[in-house]
Number of protein chains: 2
Amino acid sequence: MTAVLEDARENTRARIEQAALELFSRQRFENVTTDEVADAAGISRRTFFRYFATKADAVWGDFAAHVDRLAALLDATGDDQPVLSSICAAYVEVNDYSLDELPMLRQRMRLILGEPALQAHSQVRYNEVDRVVAEHVARRTGARPEALVPRLVATSTRAAATTAFEVWIADGRRPLARALHDAFEQLAEGFPTLRGPGRR
Amino acid sequence: MTAVLEDARENTRARIEQAALELFSRQRFENVTTDEVADAAGISRRTFFRYFATKADAVWGDFAAHVDRLAALLDATGDDQPVLSSICAAYVEVNDYSLDELPMLRQRMRLILGEPALQAHSQVRYNEVDRVVAEHVARRTGARPEALVPRLVATSTRAAATTAFEVWIADGRRPLARALHDAFEQLAEGFPTLRGPGRR
DNA sequence: TTGCTGGTGGCACCCGGTGTCACTAACGTC
DNA sequence: GACGTTAGTGACACCGGGTGCCACCAGCAA
């Protein structure tokens, strides 16, 4: 493909994403048709579905790249730190956006976590993340990736990450990295606060 | 409503569920239309959607009752046992099916955990469970249900439960209650197997 | 000019889901 | 036993997400 065309495609893709994010945020996901998004982006409905497989995908940006980065970070981690620390660090690093990108991330996550249709769609995406994490745990512990512990670590760390996101969205003052660390610490220590303030 | 009609409704509902479960298992969820399910159940498509709000709901049976039972079990739990033990016990109890009901449960869960469209739909259902569990944790710890720890406990215990279900589906020899206990123990102890076999 | 390539729009179609209306069977009332 | 009421049902039209197909049109090479 020509460089010119490639640029045009990237441009169009970005325009669609932007239009989708804005319309979905303003009028709720279900109340916006793909026709309206396409119109706002200056393309036809048919073309919308050439850039994004589903209406929901326009919200997720390039999530595959996200997962790839997570996998690379986990691969590069040393065997000296605890497994959960590696996973936490990878989650923090992969979500380390610059200050001017944060509003966009907030908007995205507010949609993904708040709109039921997008919440449903997210499960499919999370599976890719879980697979990557389970494989890392399997490598570190020598277990099979399909065994209980690798799967469990993958799903519960992901639960920790999404919960941290929810708290971050709702609160606003607490930095995302802080919420992630708090959640992972609870998980790694077996929920110390459940045992009451005094005891350990 | 008359007793006769009520019986007829229950009967029809059961017939739809059965037809749906069988068709979805045999030909995959996406390859079966609601028209086909309706035909197999001897009703019209329109009537199918009077019994179940979505195609996916036909797989879930009476899930609201399930959630209510879970809530009741959590309400009835004593303050003497650890919070995670209460939740584990409630999950075990609510999934304690008799031997002749097990094949149906297996079929249901195999669909829910295996079919992407149903996996997506499940997220919405799990939210109800998470709400109930988070409220219980909040009551036990004095925190707000929207705070990090109650939410995190809810999502990660649910992650433990679904992972246990996955292992149970895949393995077949390990009883479900056993898988649930194993998963919850890992969670409660902060994943002891991650720290290697020797150390604690 | 000719031919190829790849993005695009329009169209018809499938399927899940909903609103509406007319029909019918069961029930209570006089 | 005729009556209106009530609730389940089926048929139909419609909407919106998603897909297959084809015709069109740029950009490019020979």
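The chains referred to below are lettered A, B, ... by the order of the sequence lines, with proteins before strands, and numbering in each begins at 1.
A salt bridge is absent between A:Glu135 and A:Arg139; no separation between the charged side-chain nitrogens and carboxylate oxygens falls under 4.0 Å.
Not a single salt bridge (charged side-chain N to carboxylate O under 4.0 Å, His left out) links B:Glu185 to another residue, sequence neighbours left out.
Looking at the side chain of A:Thr12, the nearest of the listed nucleotides C:dG17, C:dT8, D:dT19 is C:dT8.
Within residues 19-46 of chain A, the residues having any heavy atom closer than 4.0 Å to DNA chain D are, in order of number, A:Val32, A:Thr33, A:Thr34, A:Arg45, A:Arg46.
Residue B:Asn11 contributes atom CG, which lies 11 Å from atom P of D:dT9 at whole-angstrom precision. One interatomic measurement links the two molecules: NZ of B:Lys55 to P of D:dG18, which rounds to 14 Å at whole-angstrom precision. At whole-Å resolution of the value, CG in B:Leu118 and P in C:dG16 are 12 Å apart. Whole-Å rounding puts the A:Phe48 CZ to D:dT19 P distance at 11 Å. For the pair A:Phe49 CZ and C:dC14 P, the interatomic distance rounds to 18 Å; values are reported in whole Å.
With a 6.0 Å cutoff to the six-membered ring centre and a 45° limit on the axis angle, B:Arg125 counts as a cation-pi contact of B:Trp60. Within the cation-pi definition used here (under 6.0 Å to the ring centroid, within 45° of the axis), B:Arg106 qualifies as a partner of B:Trp168.
At distances below 3.5 Å, not a single donor-acceptor pair connects side-chain atoms of B:Arg158 with backbone N or O atoms of B:Asp130. A donor-acceptor contact shorter than 3.5 Å is absent between the side chain of B:Glu22 and the backbone of B:Ala19.
Residue-to-nucleotide contacts include a donor-acceptor pair under 3.5 Å from the side chain of B:Arg50 to the base of D:dG10.
B:Leu113 and B:Thr162 get closest at one heavy-atom pair: CD1-O, 4.4 Å.
To the nearest 0.5 Å, the span separating CZ on B:Phe48 from OG1 on B:Thr33 amounts to 10.0 Å. Considering CG of B:Leu23 and CD of B:Gln18, their distance stands at 10.5 Å, rounded to 0.5 Å.
Neither OP1 nor OP2 of D:dG8 sits under 4.0 Å from any side-chain N or O of B:Tyr51.
Overall, the helix from C:dT1-D:dA30 to C:dC30-D:dG1 carries an axis bend of 10° between its ends, with five pairs at each end and the value rounded to 10°.
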